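Below you'll find the structure, written out as structure tokens, and then a few comments.
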Number of protein chains: 2
Amino acid sequence: MSPSKLETEVPLKPAVFHILLALSEQVRHGLGIADEVEASTAGSVRLGPGTLYRSLKEMTRDGLVKEVPHPQQGEDPRRKFYCITTPGSEVLKAEAIRYEQIVEVARQRHVLPEAH
Amino acid sequence: MSPSKLETEVPLKPAVFHILLALSEQVRHGLGIADEVEASTAGSVRLGPGTLYRSLKEMTRDGLVKEVPHPQQGEDPRRKFYCITTPGSEVLKAEAIRYEQIVEVARQRHVLPEAH
DNA sequence: TTGACATCTATCCATTATGGATATATCCAT
DNA sequence: ATGGATATATCCATAATGGATAGATGTCAA
């Protein structure tokens, strides 16, 4: 069974999804997550401080992410770094598949061109 | 220029996106849209009546969809049918591309397997 | 070393979005 | 004609979001 209750289910809140995606390859701190989300979505998704820190708190409580020690020494001590957990990776994958299925439907409807 | 102001921008609200997608290939009435959304997302997205009719009203005001006469005679006269407009198709495509880019990022992060 | 400015986390609040209950009307089948 | 299903529509409580603000601390330059 899961390490926490983990009643988190897809569809995820967009903010939660993007935070998990930003953490999927590396540990990041709060504002670093927000920067990554903005960069990887070409600026179309921005996390305000309210959504960002509130989400991180809830996601920590729900066991989707976990605070970790600073990856480098000499790092700005004000920063809090987070990594994705195994349950976090699971729900991230489930949500990514859901997005993929929606894109598939869009292709079937000729909203998007055929797969690249 | 557009027939209406159309300040509708991506990211779309999920409900609006799914309604546009449901209308992308054929004219449908309110509950028919909700049924199609639920079917095409394997039940993971459901539009309650509040979200459904509120969205249709706003989308009509914004010029994303338009009410049309019944496609068949003898159709239940209580039904109101909607079709997607040209501006509606444009924002649908833009949002679908945005989804596709997110899926791409997920692939780069190895959250999803390589393209099928 | 001190002052000015930037960075970072955090909370609060107003606005927006959502879902569900409810209402009303009408269709359809028996 | 009567009962149950269908359909649109509104209302309200809850949830989600973004932006303003706060407060602490780092960085940099003079």
Side-chain angles (χ1 to χ4, degrees), chain A residues 7-20 22-23 27-39 41 43-62 64-82 95, chain B residues 7-20 22-23 27-39 41 43-62 64-82 95:
Chain A
E7 33 193 59
T8 308
E9 290 298 338
V10 299
L12 260 37
K13 294 191 273 186
V16 170
F17 178 47
H18 284 288
I19 290 172
L20 289 177
L23 292 177
V27 162
R28 294 181 195 275
H29 70 285
L31 285 187
I33 293 169
D35 290 344
E36 163 62 22
V37 169
E38 181 164 353
T41 62
S44 69
V45 177
R46 290 186 196 179
L47 302 178
T51 302
L52 175 65
Y53 294 107
R54 190 187 319 114
S55 297
L56 285 172
K57 192 200 299 183
E58 294 170 356
M59 292 166 73
T60 300
R61 163 175 50 76
D62 295 342
L64 300 179
V65 300
K66 197 178 57 170
E67 192 183 346
V68 292
H70 289 198
Q72 313 283 344
Q73 73 173 170
E75 196 78 64
D76 187 334
R78 295 171 302 174
R79 294 179 168 177
K80 289 176 65 176
F81 285 81
Y82 296 88
E95 183 72 349
Chain B
E7 33 193 61
T8 309
E9 289 298 336
V10 298
L12 261 36
K13 294 190 274 185
V16 170
F17 178 46
H18 284 287
I19 290 171
L20 288 177
L23 292 177
V27 164
R28 295 183 195 272
H29 70 285
L31 286 187
I33 293 169
D35 290 345
E36 163 62 22
V37 169
E38 182 164 351
T41 62
S44 69
V45 177
R46 290 185 195 179
L47 303 178
T51 303
L52 176 65
Y53 293 108
R54 188 186 323 110
S55 297
L56 285 172
K57 192 202 296 184
E58 293 170 357
M59 294 166 73
T60 300
R61 161 176 52 77
D62 294 343
L64 300 179
V65 300
K66 197 178 56 168
E67 193 184 345
V68 292
H70 289 199
Q72 313 282 343
Q73 74 173 169
E75 196 78 61
D76 186 332
R78 294 172 302 173
R79 295 179 167 176
K80 290 175 65 175
F81 283 82
Y82 296 87
E95 182 73 348

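Here the structure is a predicted model, which is why all the values come from computation and not from measurement. These numbers come from the heavy atoms of this one structure, side chains and all, not from hydrogens, waters or symmetry mates. Throughout, a chain's letter reflects where its sequence line sits, starting with A, and its residues are numbered from 1.
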### Closest approach of A:Pro69 to A:Phe81 (non-hydrogen atoms, all atoms of both residues)
O-CB, 4.4 Å
### Task
For A:Pro49, report the nucleic acid contact type (base, sugar-phosphate, nothing); a contact means any heavy atom under 4.0 Å.
base
#### Entry: Test item: A:Glu36 side-chain N/O and A:Ala22 main-chain N/O as donor-acceptor pair under 3.5 Å
no
### Query
B:Gly32 or B:Thr51: which one's nearest nucleotide on DNA chain D is closer to the 5' end?
B:Gly32
#### Entry: Side chain B:Glu95, main chain B:Leu12, donor-acceptor under 3.5 Å
yes
### Task
Supply the atom-to-atom distance B:Leu56 CG to B:Tyr82 OH, rounded to the nearest 0.5 angstrom.
5.0 Å
### Query
What is the distance, rounded to the nearest whole Å, between atom CZ of A:Arg28 and atom P of C:dC8?
13 Å
#### Entry: Separation of atom CG in A:Asp76 from atom P in D:dT25, rounded to whole Å
11 Å
### Task
Could you tell me which nucleotide pairs with C:dT30 by Watson-Crick or G-U wobble geometry, both distances under 3.5 Å, or answer none if nothing does?
D:dA1
## Note on the structure
Rounded to whole Å, NE2 of B:His70 lies from C1' of D:dT6 at a distance of 13 Å
### Query
Counting side-chain heavy atoms from CB outward, which of D:dG26, D:dT17, C:dG20 is closest to B:Arg54?
C:dG20
### Task
Calculate the interatomic distance between B:Tyr53 atom OH and C:dG19 atom C1'; express it in whole Å.
14 Å
### Query
Would you say the side chain of A:Arg79 and the base of D:dG26 hold a donor-acceptor pair, judged only by whether the two atoms sit under 3.5 Å apart?
no
### Query
Atom CD of B:Glu75 and atom P of C:dT26: how far apart are they, to the nearest Å?
17 Å
## Note on the structure
The answer to which of A:Arg78 and A:Leu47 contacts DNA chain D further toward the 5' end, by nearest nucleotide, is A:Leu47
### Query
For B:Lys57 and D:dT8, is the shortest distance between a side-chain N/O and OP1 or OP2 below 4.0 Å?
no
### Taking every non-hydrogen atom, the tightest pair across A:Leu52 and A:Gly30
CD2-O, 3.5 Å
### Query
How long is the line joining NE2 of A:His18 and C1' of D:dG18, in whole Å?
15 Å
### Task
Name the nucleic acid region contacted by A:Gly50, choosing base, sugar-phosphate or nothing; use a 4.0 angstrom heavy-atom cut-off, strictly under.
base
## Note on the structure
Separation of C:dA10 atom P from A:Leu31 atom CG, nearest Å, is 11 Å
## Note on the structure
Between NE2 of B:His29 and C1' of C:dT26 the distance, given in whole Å, is 14 Å
### Query
Can you find a side chain N or O atom of B:Lys13 that sits less than 4.0 Å from OP1 or OP2 on C:dA17?
yes
